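Here's the structure, in structure tokens; my notes come after.
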Amino acid sequence: MEQINFSEHSRAVHFGHRKLTPRACVIDSKKHLRLFLSDALEDLGFVACECGQAGDLAGVLQAEQPDLIVLSVCVDGINVGEILEAIVRKNFGGKVLVIGQPDSIMVKAVRQIGEEYGIAMLPSLPTPFGAASLRATVAELLPAEPAPSPAVDVAEALKAGWLELWYQQKINTRTLMPSGAEALVRMRHPAWGVVPPAYFIPDDNDPHFRSLSEFVIGRAIEDWRYLLESQGPVDLSVNLPVSFFGNAAAVRDLCGAMPAHPAFGGLLIEINSSEVVEHPDLAIDAARRLRLHNIAIAIDNVGAEWPSLLELRSFPFAELKIDKQYINGCADNRLKQTVCRRIVELARDNGARATAQGIESRADYLAAHEMGFDLVQGHLFGKPVGVRKFARSRSQLAAGAEKVL
């Protein structure tokens with residue numbers, strides 16, 4: 001977890017000058033299509049909500065008018081007339097995007113009625129469409145340049161339920177099959193959209209840090225159960241500070257939270273390498289004790305300090321994750337390759353796995369494979385996504401990885 005402190009002055013500056021993230025409402029009778037459209041819009045930076053029927057739209061417009069209404073007329077089950085009436089009745093001032101073939105009778109009718117009532121209509125988006133086409137169609141609603149995200153108090157975020165976990169798949173280097181996933185905490189703010197962790201993760205001395213850590217553990221276990229039901233067991237890893245393990249009550253609660261289900265393969269906890277070097281006894285003792293409760297410890301972001309790990313009195317760690325700065329561009333950098341090989345050797349000599357994170361190119365993957373990494377992780381194989389999108393896309397990851405490579 002990245003740890004950054006902000007003063008009250010910096011909070012005020014961020015909130016005072018931040019442009020609101022555009023909001024969109026997706027209307028479609030079929031849930032899977034609503035989810036697909038919402039995911040696509042959120043990838044562009046929208047805060048998206050969904051309506052499964054015309055009657056739901058009035059409530060959305062009453063609560064807070066979106067900047068965009070996306071209306072799919074490709075399927076039955078939606079009363080388009082009622083939707084247009086609600087838009088006019090609530091004096092909707094945003095844009096309407098109709099998805100469907102422009103020459104179809106329904107699309108032409110919707111556009112004609114919309115223009116007669118003075119509704120601002122974007123050019124229709126033909127199906128099927130890609131991300132580039134969607135972005136081009138809604139470009140006028142996107143900020144000209146990314147605006148800074150606000151600093152948000154973590155206690156407020158926890159109380160309001162704005163926090164969630166996103167997951168990035170780990171891939172077996174030799175088989176290209178999915179092999180677990182890392183949970184990354186994100187905030188979905190009702191006005192600012194998805195807020196980067198740097199703006200809400202507190203310092204580990206902050207009294208709210210334990211609450212955040214407990215949220216991460218609890219949500220990861222909930223998501224594991226969801227993934228088990230939707231697609232089968234997935235080995236998950238979470239990030240925690242080493243200071244967490246100095247609290248006996250917190251450790252006891254962590255052990256008690258582990259599922260007793262026979263399919264549960266254990267939880268992997270990633271601790272930053274700098275913290276392990278600074279507090280080696282605490283990290284080693286935690287790794288030893290937790291193994292009896294089906295919990296393993298990984299050392300995260302291993303980089304220049306790797307020689308210090310050679311001096312540890314014992315090595316009960318399950319995985320070493322190399323800092324992405326040594327992975328990115330490693331295919332053409334002998335110095336980075338030398339560091340990577342030494343860390344891989346350290347992992348192998350101690351019976352641990354070696355993971356290369358930050359893989360963004362085919363060349364870097366091939367270099368990681370040649371250097372003997374067990375697992376790879378990075379945008380080449382997929383960006384972090386919410387648990388439901390992760391569940392839907394996981395079955396396609398292996399085929400996608402083979403296609404990319």
Side-chain angles (χ1 to χ4, degrees), residues 1-4 170 180-185 197 201-218 220-221 235-258 265-326 339-340 342-357 373-375 377:
M1 295 181 179
E2 189 172 359
Q3 301 168 12
I4 298 180
K170 297 178 181 180
E182 179 182 2
L184 301 162
V185 65
I201 291 183
D203 185 88
D204 59 2
N205 293 320
D206 190 296
H208 300 299
F209 203 99
R210 178 180 171 185
S211 296
L212 179 60
S213 297
E214 291 173 344
F215 163 81
V216 169
I217 296 165
I221 298 305
D235 292 334
L236 300 181
S237 64
V238 300
N239 294 269
L240 293 179
V242 72
S243 60
F244 178 88
F245 302 99
N247 187 308
V251 173
R252 183 171 59 251
D253 291 342
L254 166 66
C255 296
M258 295 301 101
L267 180 69
L268 183 67
I269 296 177
E270 300 182 11
I271 302 176
N272 196 284
S273 62
S274 61
E275 293 188 281
V276 174
V277 171
E278 292 175 9
H279 307 280
D281 291 340
L282 181 56
I284 290 171
D285 292 343
R288 282 177 169 175
R289 288 185 285 114
L290 291 175
R291 286 186 298 184
L292 301 176
H293 298 275
N294 210 11
I295 301 170
I297 299 292
I299 304 180
D300 194 13
N301 298 323
V302 180
E305 74 289 343
W306 72 268
S308 298
L309 300 178
L310 293 170
E311 302 174 4
L312 296 178
R313 57 182 170 86
S314 65
F315 205 94
F317 304 105
E319 184 175 315
L320 293 181
K321 297 187 69 176
I322 283 68
D323 193 312
K324 62 183 179 182
Q325 68 172 311
Y326 291 95
V339 174
C340 288
R342 296 293 181 268
I343 297 172
V344 170
E345 289 174 4
L346 174 62
R348 186 166 297 150
D349 290 345
N350 289 279
R353 297 183 304 189
T355 299
Q357 56 184 336
F373 281 95
D374 300 289
L375 303 176
Q377 176 182 348

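In this text the structure is predicted, and so the values were computed from the model without any measurement.
Looking at heavy atoms from C-beta onward, Pro316 lies in side-chain contact with Ile284 at the 4.5 angstrom threshold. Considering only heavy atoms from C-beta on, Ile299 stays 4.5 Å or farther from Trp306 through its side chain. Between Leu254 and Leu290 the shortest side-chain heavy-atom distance falls below 4.5 Å. Between Ile217 and Phe244 the shortest side-chain heavy-atom distance falls below 4.5 Å. Using a 4.5 Å cut-off on side-chain heavy atoms (C-beta onward), Glu278 and Val242 make no contact. Between Lys170 and Ser237 the shortest side-chain heavy-atom distance falls below 4.5 Å. Side chains of Asp253 and Arg210 form a contact here, defined as non-hydrogen atoms less than 4.5 Å apart. Annotation: side chain of Ile295 is not in contact with side chain of Arg289 (no heavy-atom distance under 4.5 Å).
A distance of 5.5 Å separates CG in Asn239 from CG in Asp300, rounded to the nearest 0.5 Å. Expressed to the nearest 0.5 Å, how far CG of Asp323 lies from CD of Gln357 amounts to 6.5 Å. Rounded to the nearest 0.5 angstrom, Ile269 CD1 and Phe317 CZ are separated by 12.0 Å. With values rounded to the nearest 0.5 angstrom, Leu268 atom CG is found 8.0 Å from Lys321 atom NZ. A distance of 11.5 Å separates CG in Asn301 from CG in Leu320, rounded to the nearest 0.5 Å. Atom CD1 of residue Ile322 and atom SG of residue Cys340 lie 6.0 Å apart, to the nearest 0.5 angstrom.
Remark: Phe215 engages no residue in a ring-ring contact (aromatic ring centres under 6.0 Å, His included) (not counting sequence neighbours). In terms of the side-chain hydrogen bond (donor to acceptor under 3.5 Å, both in side chains) criterion, Arg348 has no residue partners (sequence neighbours excluded).
What you find for Pro280 and Val277 is that their closest heavy atoms are CD-O, 3.4 Å. Closest approach of Ala352 to Phe315, counting heavy atoms only: CB-CE2, 4.4 Å. Closest non-hydrogen pair, Phe245 versus Leu282, comes out as O-CD1, 3.7 Å. Taking each heavy atom of Ala220 and Leu236 in turn, the nearest pair found is O-CD1, 3.5 Å. Minimum heavy-atom separation, Met258 to His293: CG-O, 3.7 Å. Between Leu240 and Ser213, the shortest heavy-atom contact is CD2-CB, 3.6 Å.
Here the side chain of Glu311 pairs no donor or acceptor atom with the backbone of Leu309 at under 3.5 angstrom.
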